[in-house]
There are 2 protein chains.
Amino acid sequence: MKNLTVRQSEILTFISDVISNEGMPPTRKEIALKFGFKSANSAEEHLKALDKKGYIDLHGGTSRGISLNKPFLGIPIVGSVAAGSPLLAVENVEERIEFNGNIFSDSVDYFLRVKGDSMNEVGIVEGDLIAINKRKDVKPGDIVVARINDDVTVKTLFHLDKRKVILRPENKNYKDIEINPAVENFDIEGKCLGVLRNYN
Amino acid sequence: MKNLTVRQSEILTFISDVISNEGMPPTRKEIALKFGFKSANSAEEHLKALDKKGYIDLHGGTSRGISLNKPFLGIPIVGSVAAGSPLLAVENVEERIEFNGNIFSDSVDYFLRVKGDSMNEVGIVEGDLIAINKRKDVKPGDIVVARINDDVTVKTLFHLDKRKVILRPENKNYKDIEINPAVENFDIEGKCLGVLRNYN
DNA sequence: TTTTTTACTGTATAAATAAACAGTATGAAA
DNA sequence: TTTCATACTGTTTATTTATACAGTAAAAAA
């Protein structure tokens with residue numbers, strides 16, 4: 001996929017926002033207005049660039065005839081995470097799902113497919129998709145995605161300070177995980193906003 | 001809410017379909033084409049009727065300026081079910097959520113808010129929303145919504161024939177429910193397609 | 001029975017919109 | 001150094017689109 005310029009990226013985001021908020025894509029004039037272009041043709045040329053690079057499809061002769069290109073739409077589902085790679089690296093994204101936001105309490109950056117039974121007692125089971133919001137500021141009680149020495153795990157955060165982190169599995173067959181972030185490589189990847197499970 | 005005529009309902013459905021499939025609302029001409037109207041004005045008048053009845057909002061002077069009215073959109077969430085009332089009766093619908101379909105394996109007719117812990121061992125816990133598809137043809141192994149003598153319950157279907165139905169709670173503290181549909185009032189309301197849980 | 005609503009055809013037009021063409025200017029790539 | 005891509009302004013035009021007005025006809029409501 002070809003890279004977008006900053007401006008092109010802004011315009012792509014704007015189109016996506018307008019579709020979400022207004023229920024229809026913007027016109028060239030509306031794009032020009034938003035970015036302060038004095039000519040609608042500026043918008044036209046950005047659209048052509050986005051089309052050429054494959055991010056949108058332009059439907060000739062149609063008002064508001066802009067559609068976002070599916071493969072780059074939707075929320076990524078992160079499956080198995082290769083050790084050491086960023087969660088959202090392309091090789092970890094198993095697919096994307098169309099999803100419009102108003103369901104969870106915050107915006108969903110990605111879904112993570114759950115492995116294992118360590119969170120069974122709070123109703124998170126193998127194969128579930130958990131909705132994740134990328135953030136570092138989590139508090140005890142939150143279910144978090146954490147990275148410990150290149151290993152990604154989902155647990156309830158029980159305690160967090162500079163010298164000690166305690167992650168609690170929600171299954172009595174497992175023990176608490178205690179980490180010294182000064183010694184071990186530890187990072188909070190995000191907060192779990194909810195669960196999505198699809199039978200069959 | 002005022003009732004729609006058959007034609008108006010067809011047109012509302014078409015608008016909704018076009019938005020889903022094309023990513024933008026149709027023009028008057030496109031509506032006329034779809035229904036075989038020889039004049040775009042026929043579409044215009046139907047739109048005005050739908051606007052007047054509150055089902056859509058028309059944005060004057062804007063191409064494709066049709067938006068569906070939120071309160072009638074989205075998938076209903078059924079909360080507590082009043083004894084004897086149809087599940088989808090207005091008094092049982094606690095709210096609606098925007099939701100676009102491609103997530104579950106079949107279309108979601110409504111979400112049911114889970115009460116109690118009888119399905120805990122398969123990860124369905126109190127407060128969860130379960131996605132339901134209205135259908136009668138369910139098979140053993142399916143998680144179903146059933147009505148037993150005006151009581152609505154969610155269980156795994158274990159056995160089903162004309163003389164005996166066995167519903168199985170997924171929690172060892174509960175016993176199987178055995179029903180004789182010839183004697184008791186029993187009905188399958190739908191099949192559970194999946195689970196949606198929102199923390200906080 | 002009269003009025004209103006529904007459901008259309010047919011015509012017309014102002015405004016919205018897409019999109020081409022002609023420029024200017026800058027920075028990056030070949 | 002020349003070409004190409006980016007990022008604009010400014011103008012123009014054909015087409016799309018919304019939408020009003022004038023009718024016809026049937027069914028429903030008052």
Side-chain angles (χ1 to χ4, degrees), chain A residues 1-69 72, chain B residues 1-69 72:
Chain A
M1 203 57 193
K2 279 190 180 168
N3 283 337
L4 295 180
T5 66
V6 173
R7 207 48 156 171
Q8 286 165 0
S9 175
E10 284 172 354
I11 285 166
L12 186 61
T13 302
F14 176 65
I15 295 167
S16 173
D17 286 350
V18 171
I19 291 172
S20 299
N21 299 326
E22 313 289 330
M24 55 195 174
T27 63
R28 275 68 169 164
K29 201 179 176 184
E30 286 165 4
I31 296 171
L33 201 71
K34 159 76 182 182
F35 290 95
F37 302 153
K38 292 187 180 164
S39 168
N41 191 52
S42 301
E44 176 72 24
E45 282 176 347
H46 282 301
L47 291 176
K48 278 180 184 159
L50 286 168
D51 189 7
K52 201 173 169 187
K53 289 183 176 178
Y55 287 83
I56 62 172
D57 281 321
L58 292 177
H59 312 329
T62 306
S63 68
R64 302 175 189 274
I66 305 168
S67 56
L68 299 175
N69 217 336
F72 316 102
Chain B
M1 204 56 195
K2 279 191 179 167
N3 283 336
L4 295 180
T5 66
V6 173
R7 206 49 157 172
Q8 286 165 358
S9 176
E10 284 172 353
I11 285 166
L12 186 61
T13 302
F14 176 65
I15 295 166
S16 173
D17 287 350
V18 171
I19 292 172
S20 299
N21 299 327
E22 313 290 330
M24 55 195 173
T27 63
R28 276 68 169 162
K29 200 178 175 185
E30 286 164 4
I31 296 171
L33 202 71
K34 159 76 182 183
F35 290 95
F37 302 154
K38 293 188 180 164
S39 168
N41 191 52
S42 300
E44 176 71 23
E45 283 176 346
H46 282 301
L47 291 176
K48 278 180 183 160
L50 286 168
D51 189 6
K52 201 173 169 188
K53 289 184 176 178
Y55 287 83
I56 63 173
D57 281 321
L58 293 178
H59 313 329
T62 306
S63 69
R64 302 177 190 273
I66 305 168
S67 56
L68 299 174
N69 216 336
F72 316 102

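Lettering follows sequence order; numbering is per chain, from 1.
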Looking at every heavy atom in both A/Ala43 and A/Ala32, which two are closest together, and how far apart are they?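 Heavy-atom minimum between the residues: CB-N, 4.2 Å.
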Between [N] atom [atom2] and [X] atom [atom1], what is the distance in whole Å?
{"X": "B/Lys53", "N": "C/dA7", "atom1": "NZ", "atom2": "C1'", "answer": "12 Å"}
{"X": "B/Leu47", "N": "D/dT17", "atom1": "CG", "atom2": "C1'", "answer": "12 Å"}
{"X": "A/Arg28", "N": "D/dT17", "atom1": "CZ", "atom2": "P", "answer": "12 Å"}
{"X": "B/Ile31", "N": "C/dT9", "atom1": "CD1", "atom2": "C1'", "answer": "17 Å"}
{"X": "A/Glu30", "N": "D/dT17", "atom1": "CD", "atom2": "P", "answer": "14 Å"}

Checklist entry - What residues, two or more places apart in sequence or in another chain, satisfy salt bridge (Lys or Arg N to Asp or Glu O under 4.0 Å) together with A/Lys48? => result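 By the salt bridge (Lys or Arg N to Asp or Glu O under 4.0 Å) rule, A/Lys48 matches A/Glu44.
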Global bending angle along the helix from C/dT1-D/dA30 to C/dA30-D/dT1, which compares the axes of five pairs at either end, to 10 degrees
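Roughly 30° between the end axes, to the nearest 10°.
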- Query: Within the structure, does a side-chain N or O atom of A/Lys48 lie under 4.0 Å from either OP1 or OP2 of C/dA20?
  - Reply: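 Indeed, a polar side-chain atom of A/Lys48 lies that close.
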- With respect to the phosphate group of C/dT5, does any side-chain polar atom (N or O) of B/Thr5 fall under 4.0 Å of OP1 or OP2?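 Checking C/dT5 against B/Thr5, no side-chain N or O comes under 4.0 Å of OP1 or OP2.
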Item checked: Listed partners of B/Phe37 passing ring-ring contact (aromatic ring centres under 6.0 Å, His included), at least two apart ->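 Result, ring-ring contact (aromatic ring centres under 6.0 Å, His included) vs B/Phe37: B/Phe35, B/His46.
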Each nucleotide of nucleotides 8-16 of chain D classed B (base within 4.0 Å of a protein heavy atom), S (only sugar-phosphate) or -, in 5' to 3' order, makes BBB-----S
Show every salt bridge (Lys or Arg N to Asp or Glu O under 4.0 Å) that has at least one partner inside residues 30-39 of chain A, sequence neighbours left out.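 For residues 30-39 of chain A, and leaving out neighbouring residues, the salt bridge (Lys or Arg N to Asp or Glu O under 4.0 Å) pairs sorted by first residue read A/Glu30-A/Arg64.
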*Which part of the nucleic acid does B/Lys52 contact within heavy-atom distance under 4.0 Å: base, sugar-phosphate only, or nothing?*
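No contact at all - B/Lys52 keeps every heavy atom at 4.0 Å or more from the nucleic acid.
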Q) Is any side-chain heavy atom of A/His59 closer than 4.5 Å to a side-chain heavy atom of B/Glu22? A)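 Result no, sub-4.5 Å side-chain heavy-atom pair not found.
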(request) Check whether any side-chain heavy atom of B/Ile66 lies under 4.5 Å from a side-chain heavy atom of B/Leu50, and answer yes or no. (result)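 They are not in contact (no side-chain heavy atoms under 4.5 Å apart), so the answer is no.
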Extract from the structure each pairing of a protein N or O with an N or O of nucleotides 27-30 of chain D at less than 3.5 Å, listing the distance.
none

From the options A/Ile19, A/Val18, A/Asp17, select the one residue that forms a side chain to side chain contact (heavy atoms under 4.5 Å, CB included) with A/Asn21.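 Passing option: A/Asp17.
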